[in-house]
There are 2 protein chains.
Amino acid sequence: MVEARNNDTRERILDAAERLFMAHGYEGTSMRQITGEAGVNLAAVNYHFGSKETLIQEVFRRRLDWLNEERLRVLDELEREAAGQPLKPSQIVDAFFGTMLRMAEDESRGGMTFLRLLGRTLAEPSEFIRGFLAHEYKTVVDRYKEALFKALPDVPKAEIVWRFHFMLGATSYAIAGTDALRLVTDWQIEPEDSVDRLDRLLPRLMSFLIGGLRAQLPQFPDAAVDR
Amino acid sequence: MVEARNNDTRERILDAAERLFMAHGYEGTSMRQITGEAGVNLAAVNYHFGSKETLIQEVFRRRLDWLNEERLRVLDELEREAAGQPLKPSQIVDAFFGTMLRMAEDESRGGMTFLRLLGRTLAEPSEFIRGFLAHEYKTVVDRYKEALFKALPDVPKAEIVWRFHFMLGATSYAIAGTDALRLVTDWQIEPEDSVDRLDRLLPRLMSFLIGGLRAQLPQFPDAAVDR
DNA sequence: CTATGATTCAAACGAACGTATGAATCATAG
DNA sequence: CTATGATTCATACGTTCGTTTGAATCATAG
């Protein structure tokens with residue numbers, strides 16, 4: 001039997017698709033752009049991946065498999081060291097969001113390009129990719145929710161889930177780097193302070209996330225005494 | 001001379017476009033879907049708006065003009081009442097983000113549909129719409145940045161800009177309501193706790209944002225003494 | 001009523017889309 | 001070497017895209 005000898009074409013397609021989906025979105029990127037940038041024949045995508053839908057799923061799986069395993073590994077390690085004691089919220093936040101952001105420095109795992117694609121896609125999921133991402137993340141998210149519940153026993157669980165949601169939003173937007181309102185881009189900021197400098201973005205974002213996670217609990221309007 | 005008699009068609013197109021762009025994104029929505037849902041002829045969009053690009057700009061302008069005027073009005077009012085004293089950060093955050101979120105209850109200003117569209121678009125701006133949004137927001141954002149600088153004199157300005165950025169991300173994601181990882185949607189949450197219940201989302205988000213804005217300042221790794 | 005200009009309409013335009021086809025080319029097993 | 005099956009290639013398929021056209025219809029001014 002004759003087996004596959006060359007996954008160079010596959011990798012070139014995945015790299016080009018990753019970059020173009022990041023820059024122009026899923027619907028905004030055509031197969032001809034992808035194969036053109038990858039330097040392969042138009043038919044190669046359908047031959048190797050079947051369809052455009054399975055292609056973008058492969059683009060994500062290639063990176064997310066590692067990320068989610070790493071997130072579980074880091075959380076396991078933290079819980080092992082804590083020996084039953086609840087973790088600090090900042091440890092959990094760093095294990096989830098920090099692990100993701102540090103991918104930006106690892107070019108072999110997609111670097112900033114994949115991170116931006118991920119941030120974009122979390123905010124604009126096509127119907128079919130929403131289900132795919134939710135499935136990919138299910139195990140990890142459940143583990144981290146439980147860890148946060150234990151770390152913050154005084155905070156209602158529903159509140160923690162919402163704040164996890166908000167943290168995810170702040171992070172997605174930060175790494176997507178679109179900066180629609182030119183808040184940061186238009187600002188007199190040193191070049192070394194730009195989004196690309198992860199070692200400055202990461203501490204800033206972490207401070208913000210932990211501040212939000214540990215904020216005072218909200219007062220709901222229907223909590224008034226006369227009701 | 002004969003003048004325009006009927007802007008019913010225009011409004012029907014804008015309403016349909018607003019809803020469809022929200023649901024499927026800009027590239028993912030076709031002119032035929034829009035005119036089909038609006039119950040008008042296919043050529044009506046180009047006749048009334050010129051192109052798909054100018055159409056989505058009109059969709060935004062119709063709502064954003066009011067929102068941004070209102071944001072300036074509220075800030076003016078707050079500063080008038082404060083009579084020179086710096087405002088509380090929570091007042092500024094509520095004036096900017098609260099004013100936006102309260103649009104969800106005003107169906108005549110687009111309600112939740114427009115809010116979701118806005119949240120989505122802030123995170124996935126096509127190149128041409130990024131510039132448009134930045135221009136629409138310029139005046140407002142500058143005023144609010146200044147107000148935050150005054151309200152938080154001890155926080156470095158660059159830090160405030162970044163945190164504004166993070167707050168915008170958390171809010172965009174929250175109102176876009178995509179919930180890609182099914183964090184909130186998959187959770188055992190009372191129906192009355194869902195995203196649609198603004199009176200519960202708003203206090204929750206405000207607490208989170210203010211917690212993040214007032215968080216401890218970050219420690220940068222290169223702040224070590226031996227450097 | 002008639003004339004005028006705004007609006008609607010059915011139909012078509014060329015371009016770009018994702019996908020499929022079948023022959024040509026390639027690397028390796030036997 | 002030859003045979004085999006994986007891969008590449010040029011080309012074309014059928015759809016759908018945003019936009020345009022020119023005639024038909026409409027409401028109003030004169």
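Residue numbers begin at 1 in each chain, while the letters A, B, ... track the order of the sequences.
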Enquirer: Distance check, rounded to the nearest 0.5 Å: B:I175 atom CD1 versus B:L115 atom CG?
Expert: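 Rounded to the nearest 0.5 Å, the CD1-CG separation comes out at 4.0 Å.
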Enquirer: Grab the CD-P distance between A:E27 and D:dG18 for me, whole Å please.
Expert: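 Taking CD of A:E27 and P of D:dG18, I get 11 Å after rounding.
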Enquirer: Using 30° and 60° as the class limits, which term best fits the ring planes of B:W162 and B:H165: parallel, tilted or perpendicular?
Expert: perpendicular
Enquirer: Go through D:dA6, D:dC17, D:dT20 for me and flag the one nearest to the B:N46 side chain.
Expert: D:dT20
Enquirer: Compare the minimum distances between each of D:dG18, D:dT8, C:dT19 and the side chain of A:M31, then state the nucleotide with the smallest one.
Expert: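 So the side chain of A:M31 is nearest to C:dT19.
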Enquirer: Using whole Å, what does the distance between atom P of nucleotide D:dT20 and atom OH of B:Y47 come to?
Expert: 15 Å
Enquirer: Considering only side-chain heavy atoms of B:K52, which listed nucleotide, D:dG18, C:dG18, D:dT8, is closest?
Expert: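 Selected nucleotide: D:dG18.
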Enquirer: Below 4.0 angstrom, N of the basic side chain to O of the carboxylate: do A:E79 and A:R143 qualify?
Expert: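 A:R143 and A:E79: salt-bridged.
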Enquirer: Scan A:A44 against the nucleic acid and name what it touches under 4.0 Å (heavy atoms): base, sugar-phosphate only, or nothing.
Expert: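 No contact.
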Enquirer: Could you give the CD1-to-P distance, from B:I13 to D:dT19, as a whole number of Å?
Expert: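 Those two atoms, CD1 and P, are 13 Å apart.
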Enquirer: Nearest whole Å is fine: how far is D:dG18 P from B:I56 CD1?
Expert: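 That distance rounds to 12 Å.
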Enquirer: For DNA chain D, please output the secondary structure as dot-bracket, reading 5' to 3'. Pairs are Watson-Crick or G-U wobble, both atom distances under 3.5 Å; mark crossing pairs with [ ], other-strand partners with |, unpaired with a dot.
Expert: ||||||||||||||||||||||||||||||
Enquirer: State which of D:dT7, D:dA12, C:dA6 makes the closest approach to the side chain of A:L42.
Expert: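 Closest nucleotide to the A:L42 side chain: D:dA12.
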Enquirer: Please determine which of A:F60, A:F128, A:F132 meets the ring-ring contact (aromatic ring centres under 6.0 Å, His included) test together with A:Y26.
Expert: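 By the ring-ring contact (aromatic ring centres under 6.0 Å, His included) criterion, A:Y26 pairs with just one of A:F60, A:F128, A:F132: A:F128.
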Enquirer: Taking only the side-chain nitrogens and oxygens of B:S30, find out if one of them lies under 4.0 Å from OP1 or OP2 of D:dC17.
Expert: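 B:S30 to D:dC17 OP1/OP2: side-chain N or O found under 4.0 Å.
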Enquirer: B:F208 vs A:F208 aromatic rings, parallel, tilted or perpendicular, using cut-offs 30° and 60°?
Expert: perpendicular
Enquirer: Verify ring pair (Phe, Tyr, Trp, His ring centres under 6.0 Å) between B:Y144 and B:F164, making sure each step is shown before the conclusion.
Expert: CA-CA 9 Å; B:Y144 272 82; B:F164 201 165; 7.2 Å; no
Enquirer: Tell me whether the OP1 or OP2 atom of C:dG18 has a side-chain N or O from A:S51 closer than 4.0 Å.
Expert: no
Enquirer: Do A:R71 and A:F96 form a cation-pi contact, if we require the NZ or CZ to be under 6.0 Å from the six-membered ring centre and within 45 degrees of the ring's axis?
Expert: yes
Enquirer: For the residue pair A:V93 and A:M206, establish whether any side-chain heavy-atom pair is separated by less than 4.5 Å.
Expert: yes
Enquirer: Could you tell me whether the phosphate oxygens of D:dT8, OP1 or OP2, come under 4.0 Å of any side-chain nitrogen or oxygen in A:T9?
Expert: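 Indeed, a polar side-chain atom of A:T9 lies that close.
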Enquirer: Any base atoms under 4.0 Å from B:T29, or only sugar-phosphate, or nothing? Heavy atoms, all strands.
Expert: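 Contact class for B:T29: sugar-phosphate only.
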Enquirer: Rounded to the Å, how far apart are A:D8 CG and D:dA6 C1'?
Expert: 15 Å
Enquirer: For B:G39 and B:R32, take the nucleotide of DNA chain C holding the closest heavy atom to each; which residue's nucleotide lies nearer the 5' end?
Expert: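 It is B:G39 whose nearest nucleotide is closer to the 5' end.
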Enquirer: Should B:N41 be listed as having a side-chain N or O under 4.0 Å from OP1 or OP2 of C:dA10?
Expert: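 Checking C:dA10 against B:N41, a side-chain N or O does come within under 4.0 Å of OP1 or OP2.
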Enquirer: I want to verify a distance call: between D:dA10, C:dT8, D:dG18, whose nearest atom is closest to the A:A43 side chain?
Expert: D:dA10
Enquirer: Figure out the NE2/C1' separation between A:H48 and D:dC9, and round it to whole Å.
Expert: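 In whole Å, D:dC9 C1' and A:H48 NE2 are 12 Å from each other.
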